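So that the names make sense, note that chain A is the first sequence line, chain B the second, and so on, each numbered from 1. Owing to the predicted nature of the structure, the values given are computational and were not obtained by experimental measurement.
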Amino acid sequence: MSSAADGRHEPLAPPRANAYRDTWATGAIEQPVGKEIAVSGWAHRRRDHGGLVFIDLRDRSGVLQIVFHPEHAAEAHEQAGSLRAEDVVSVRGKLVRRSDETINPNLPTGHLELQANELTILARSETPPFQVDDDGHVDESLRLKHRYLDLRRGTIAPIIALRHRVIQKMREVLNERDFLEVETPNLTRPTPEGARDYLVPSRVRPGNWYALPQSPQLYKQLLMMGGIERYYQIARCFRDEDLRADRQPEFTQLDIEMSFVEGEDVIEVTEAVLSAVLAEGGIHVETPFQRMCYAEAMGRFGSDSPDLRYGLEIVNLDKVFAGSEFKVFASVLSGGGTVRAINAGARELSRADLDELTEFVRGHGAGGLVWAFVEEDGGWRSPIAKFLSDQERADAVAATGAQTGDLLLAVADTDVHTAATALGALRRNLADRFELVQPGDHRLVWVVDFPMLEWNEGEKRWDPLHHPFTAPRGDLSDPATLMSDAYDIVMDGWEIGGGSLRINDPVVQHKILEVIGIDAAEAQERFGFLLEALKYGAPPHGGLALGLDRLVALIAGADSIRDAIAFPKSATGADPLTGAPAGVDERQIRDLHLVSTAPPPVAADASAAGPDSEAPDASDLGASGADPKV
RNA sequence: GGGGGCGUAGCUCAGUUGGUUAGAGUGCCGGCCUGUCAAGCCGGAGGUCGCGGGUUCGAGUCCCGUCGCUCCCGCCA
């Protein structure tokens, strides 16, 4: 299999001529034929004809073929015969034009080659654990363990370069608009996003803890109170929650905050940043972006981050079945619940497929799934057909726009939110199953008009949908009806950013904290510094944060943000390369005034670590040297 | 915390109903080879079937446990 590295051509300014090189591999294109040049890089592939030896030399810019003639440079040819994959070399020679019949159209440098005079082997490579010159699938934990090799391949390197360009474009757009890039601390007080904090014990203040920031939220508000007015930061954020394909324990946001702004100002800046960034990735979008209120997103798409690249919209059938004698529907509707359906279209699904979908929606909290194939005479092939009247079936068909042969999938649930989100998940499942997304299609949408609070049944309290510093709209004495000045930006079903206007009135801030169950004493204890700052003339302000990892992954077409991060964690939060997290020396724990209640760390599986594992050895692992293996 | 999938040669994978000596491609090693570019031809080495236990005359295959990877729910913007 070939490698994207073969076709790579990153245009780079010529390097300063030194002992190693004076030209990038693909920089040879700009050099005159006949010139003596020097290049350095890795032996990407070799083709040894016994007489002639060809080496594809790879550096960051791409690939250049080197040819070693035994009669032109006997010594270099001799050495070249010993080269193996990933050996590091420097080659000096004459740049020549290939004869017409030996041109390789698959290489940007395919019309050229370097006729070697002199070869220096700078470093030898053992046989790599996987092929660097091949972009085929390799187990991800092996790739992560040898990420430095993975980064050389044609799969990850271009995404890392894209990430750089995205960040530079962000800076460019914001710098032009007079934003200041300001850094905020990573050793902080716990912030209120609601995720679990990563905690760092203080050595010099026994019993006290820093929290790594879940976001720079409070600091950026303090910057507004500090008169910075326009702030941004490429900020690392930390949340100690379980991972997903789009979630890492540490991730990066473009964090933005502005003073004396309305929501429209924040939206306008964000659209300017995003459209410039997407254009950098070859995706051209029109501004202003579409907007949709939260209630509509939940109703039509069953999600607060709707994927608009395909239909399968959710249809409310409450009216259709309002007087139904079908007991399931009747009891759900009389209990304040809802009956909703998706018209999946004309699909060939077996009974086993339908059972699988039923289990799927159950996994998302729904009690079950009603399926029905619409037949020619208006009848339904469905387990519940006999319980429904002709009129109900006809009305449901009309409401869903169903044609003969279409499959209707319905969920009935007393909890409206559960019915909506289960169908939202089903909608994504169907889109994957039937491959409804057109490659290259991208849809951006603002989701706006969020409720300020949502009732947490488990804890019997109101929780903020965003965070407690979001500016509320409406009657503060009626939490259920409060809306917030918040806005999420959604791309292809991924929430890539969110923000809001903030509270700048201490009275309102106190009130909101009180509503969500934080009394004055606790508010003072946790956020006293912010409440204090609000007393001294806080400007109206607002902002937003964009998830950089997700954005880069989306532009690159990657399935996971791990592909957009140079050194990501595995799905269990481990780093197979360094072996983190690991036990520490007992003395370090003592210095931090800590005692561990955890059992001695269990050694990693020997086959996963590998006999030649370069992970830290046992002496670095167990806190008490009790580590039984490795 | 829970559910699904995966784990067989360095890598990517196949392996039938539990039955002889576990295969393929690629890589690796050796030889030949002066215009290849996924070089070619010939030969060769390479396996704790993740790990532990069990059932069985017999386990890569069945059962239990465990570790790792991955997707999802919970959790988390």
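Taking the P atom of each, B:rG60 and B:rG54 are spaced 15 Å apart, rounded to whole Å. Distance noted for atom P between B:rC57 and B:rG10: 34 Å (whole Å). Comparing B:rC67 with B:rC37, their P atoms are spaced 50 Å from each other, to the whole Å. Spacing between B:rG50 and B:rA9 at atom P, rounded to whole Å, works out to 8 Å. Comparing the same atom, C1', in B:rA24 and in B:rC64 gives a spacing of 33 Å after rounding to whole Å. Taking atom C1' in both B:rA38 and B:rG27, one finds a spacing of 12 Å when rounded to whole Å. Rounded to whole Å, the separation between the P atoms of B:rG1 and B:rC75 comes to 15 Å. As rounded to the nearest Å, B:rU34 and B:rC28 have C1' atoms that lie 25 Å from one another.
Within the 4.0 angstrom heavy-atom criterion, no nucleotide atom of any strand lies near A:Gly498. Nucleic acid contact for A:Asp139: sugar-phosphate only, since backbone atoms but no base atoms lie under 4.0 Å from a heavy atom of the residue. No engagement by A:Leu144 is indicated, since no non-hydrogen atom pair under 4.0 Å with the nucleic acid exists. Across all strands, A:His69 comes closer than 4.0 Å to base atoms (heavy-atom distances). Using a 4.0 Å heavy-atom distance criterion, A:Asp6 is classed as making no nucleic acid contact. Backbone-only engagement by A:Arg562 is indicated by non-hydrogen atom pairs under 4.0 Å involving sugar-phosphate atoms exclusively. A:Thr572 comes within 4.0 angstrom of sugar-phosphate atoms only, judged by non-hydrogen atoms across all strands, and of no base. Residue A:Glu359 is classed as having no contact, given no heavy-atom separation below 4.0 Å to the nucleic acid. At a threshold of 4.0 angstrom between heavy atoms, the contacts of A:Glu140 are confined to the sugar-phosphate backbone, with no base atom among them. Within the nucleic acid shown, A:Glu113 comes within 4.0 Å of at least one base atom, counting heavy atoms only. A:Asp304 comes within 4.0 angstrom of a base, heavy atoms only.
When distances run from any side-chain atom of A:Ala245 to the nucleotides B:rA77, B:rC71, B:rC13, the shortest one goes to B:rC71. Distance from the side chain of A:Ser570 is smallest for B:rU70 among the nucleotides B:rA38, B:rC29, B:rU70. For A:Arg247, taking side-chain heavy atoms from C-beta onward, the closest of the listed nucleotides B:rG74, B:rA39, B:rC11 is B:rG74. Listed nucleotides B:rU26, B:rC75, B:rU36 differ in distance to A:Asp242; the shortest reach to its side chain belongs to B:rC75. When the nucleotides B:rC11, B:rU36, B:rG27 are ranked by their closest atom to the side chain of A:Gln65, B:rU36 comes out on top. Side chain of A:Thr102, nearest nucleotide from B:rA77, B:rG27, B:rG35: B:rG35. Listed nucleotides B:rA77, B:rC33, B:rC37 differ in distance to A:Arg239; the shortest reach to its side chain belongs to B:rA77.
With salt bridges taken as basic N to acidic carboxylate O contacts below 4.0 Å, none links A:Arg244 and A:Asp242. A salt bridge links A:Asp6 with A:Arg45: at least one charged nitrogen is closer than 4.0 Å to a carboxylate oxygen. Residues A:Asp355 and A:Arg351 are paired through a salt bridge, judged by an N-O separation under 4.0 Å between the basic side chain and the carboxylate. A salt bridge links A:Arg124 to A:Asp87: at least one charged side-chain nitrogen sits closer than 4.0 Å to a carboxylate oxygen.
Contact check, A:Arg98 against B:rU36: no side-chain N or O comes under 4.0 Å of OP1 or OP2. At the phosphate of B:rA77, neither OP1 nor OP2 sits under 4.0 Å from any side-chain N or O atom of A:Ser215. Within the structure, a side-chain polar atom (N or O) of A:Arg244 is placed less than 4.0 Å from OP1 or OP2 of B:rC73. Proximity of A:Arg47 to the phosphate of B:rA39: a side-chain N or O atom is located under 4.0 Å from OP1 or OP2. A sub-4.0 Å separation between OP1 or OP2 of B:rU12 and a side-chain N or O of A:Gln131 is absent.
Using the Watson-Crick or G-U wobble rule with both distances under 3.5 Å, B:rA14 pairs with nothing in any strand shown. The partner of B:rG65 is B:rC51, by the rule that a Watson-Crick or G-U pair needs both atom distances under 3.5 Å. With both pairing distances under 3.5 Å, B:rA45 is matched to nothing as a Watson-Crick or G-U wobble pair.
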**OP:** Would you please test A:Gln253 and A:Ser215 for side chain to side chain donor-acceptor pair (under 3.5 Å) and show each step?
**Re:** CA-CA 8 Å; A:Gln253 291 186 338; A:Ser215 79; 5.1 Å; no
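Side chains of A:Ser560 and A:Asp563: no donor on one and acceptor on the other come within 3.5 Å.
Taking A:Glu140 as the reference, A:Arg562 meet the salt bridge (charged side-chain N to carboxylate O under 4.0 Å, His left out) condition, with sequence neighbours excluded.
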